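Read the numbers this way: they start at 1 and go in the same order the structure lists the ligands and their atoms. Since the model is a prediction, treat every value here as computed from it, not as a measurement.
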Amino acid sequence: MRLLGIETSCDETAAAVVEDGQAIRSNVVASQVDIHARYGGIVPEVASRQHLITAIPVVEQALAEAGCGWQDMDGVAVTMGPGLAGSLLIGVNLAKAIALGRGLPLVGVNHLEAHIYANWLEASTAPTFPLVCLIVSGGHTDLVLMKGHGQYQLLGKTRDDAAGEAFDKAARILGLGYPGGPAIEKASQEGDASHRRLPRAWLKGSHDFSFSGLKTALLHLAQRCGPDDVADLAAGFQEAVVEVLVTKTIAAALKQHARLILLAGGVAANRRLRQVMIQQSPLPVLIPPPRLCTDNAAMTAACGYYRFQAGQQDGWKLEVIPGLRLG
Ligand code: KG4
Ligand code: ZN
């Protein structure tokens, strides 16, 4: 089954062609990073206007790069939420128009579920259940037990900032610009995490997370430090986030008798997180390649394939759900 995936939940306009939820034929991502960087963060109205300009060319490019015409396509999968309402609407309405115009089946996809399904793309061995997945993106930090396709049990979540949001705010505090995650990772390479130890919120007895105390501690420390300390502060911050994410994910996976740990979402592109998770986990760990961790439409199409397999089919009435959750 060859699906067109469309993803416009945030600030990337993306389209992809994927076969059987696994083989990527094309994966086009038009980033708006440069446009939003001057504001220091995403401006929702600017994002939707940009999606409007780029969405159709990005879909055309995805088909061209896959060497496909409309007659070669078997369905359309589109992100219906969570995300920015105005941004989601552009993708969903485009997907509806394509599906209606070309007579193709349509499926609405949960963006968080799509992040998880990035682990099925180009995988030499498909993930085995039960597994525990840590989803770490700009808006979410969710620890999820997955017993089968489409079966999710939320074990823990952030009580305040999401992991990616914490990286973005820390980068702003340290004057490292936007987006924060890659900037903190880069600055950390020149720093020594042991020079600046920052607090970890363990929330013992719970699988939840909290990063706002860490952010405040970083702010206070940064006010007492100079420009020479930025790399050490970035490294200290990254180490604190990574240690909490890794320790709590492994504890949850062992408790649930999971066979596998998955990482997903933009923060899973972080090299230190990938390295420490693999080093410390007694269970096998799967992480998508970095380009499939951040927002893309190949993961939307992969997830859509399993939704179609499960019998889901959406029609003209498909609505965006900006606050959509997993499960
Ligand atoms: O999954 P994603 O692309 O979009 C959302 O669904 O939110 O995640 C974006 C988040 C941003 O907060 C960004 O700073 C963070 O992922 N991120 C990283 C890295 N690359 C992206 N955080 C840490 N290290 C990275 N290398
Ligand atoms: Zn995302």
Please determine whether the number of non-hydrogen atoms from other residues, nucleotides or ligands lying under 6.0 Å from atom [atom1] of [X] exceeds 12.
X    : atom1 : result
R200 : CZ    : yes
I56  : CD1   : no
E319 : CD    : no
E190 : CD    : no

Indicate, with yes or no, if the rings of Y117 and H149 have centres closer together than 6.0 Å.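 They qualify: ring centres under 6.0 Å apart.
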Report yes or no: does a heavy atom of H115 sit under 4.0 Å from some atom of ligand 1?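 Flag set, H115 near ligand 1.
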Work out whether the distance between some heavy atom of P182 and some atom of ligand 1 is less than 4.0 Å.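 So P182 counts as touching ligand 1.
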Below 4.0 angstrom from a heavy atom of [X], which ligand 1 atoms are there? Numbered from 1 as shown, please.
X    : result
E185 : 24 (N), 25 (C), 26 (N)
H111 : 6 (O)
G138 : 5 (C), 7 (O), 8 (O), 9 (C), 10 (C), 12 (O)
G164 : 12 (O)
G139 : 7 (O)

In plain terms, say whether E185 and R272 are close enough for a salt bridge, that is, a side-chain N and a carboxylate O under 4.0 Å apart.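 Looking at E185 and R272, the cut-off is not met.
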Checking the N or O distance criterion of under 3.5 Å, is ligand 1 in contact with [X]?
X    : result
T294 : no
P179 : no
F167 : no

Protein residue, atom and distance nearest to [atom], heavy-atom basis:
atom                    : value
atom 15 (C) of ligand 1 : V267 CG2, 4.0 Å
atom 13 (C) of ligand 1 : D168 OD1, 3.9 Å
atom 24 (N) of ligand 1 : N270 ND2, 3.0 Å
atom 3 (O) of ligand 1  : D295 N, 3.1 Å

My understanding is that we take every heavy atom of each candidate and find the minimum distance to atom 21 (C) of ligand 1. Doing that for G181, G266, A268, A269, which one comes out nearest?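 Among G181, G266, A268, A269, the closest heavy atom to atom 21 (C) of ligand 1 comes from G266.
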Check: [Y] main-chain N/O paired with [X] side-chain donor or acceptor under 3.5 Å:
X    : Y    : answer
S31  : V33  : yes
D208 : R159 : no
D11  : H36  : no

Please tell me whether V59 and V76 are part of a single hydrophobic cluster in this structure, the criterion being side-chain heavy atoms less than 4.5 Å apart.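 The answer is yes; both residues are in one hydrophobic cluster.
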The Zn ion (ligand 2): which protein N, O or S atoms are under 2.8 Å away?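 You should have found H111 NE2, H115 NE2, D295 OD1.
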Report yes or no: is the cationic atom of K248 (NZ for Lys, CZ for Arg) closer than 6.0 Å to the six-membered ring centre of F209, at no more than 45° off its axis?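 Because its charged atom sits under 6.0 Å from the ring centre and within 45° of the axis, K248 does stack over F209.
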For R196, run the salt bridge (Lys or Arg N to Asp or Glu O under 4.0 Å) check against D232, D229, D228 and tell me which one passes.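 That would be D229; it is the only one of D232, D229, D228 passing the salt bridge (Lys or Arg N to Asp or Glu O under 4.0 Å) with R196.
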Could you pull out all residues at least two apart from L100 that satisfy side-chain contact (heavy atoms from CB on, under 4.5 Å)?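 Per chain and number, L100 pairs via side-chain contact (heavy atoms from CB on, under 4.5 Å) with W316.
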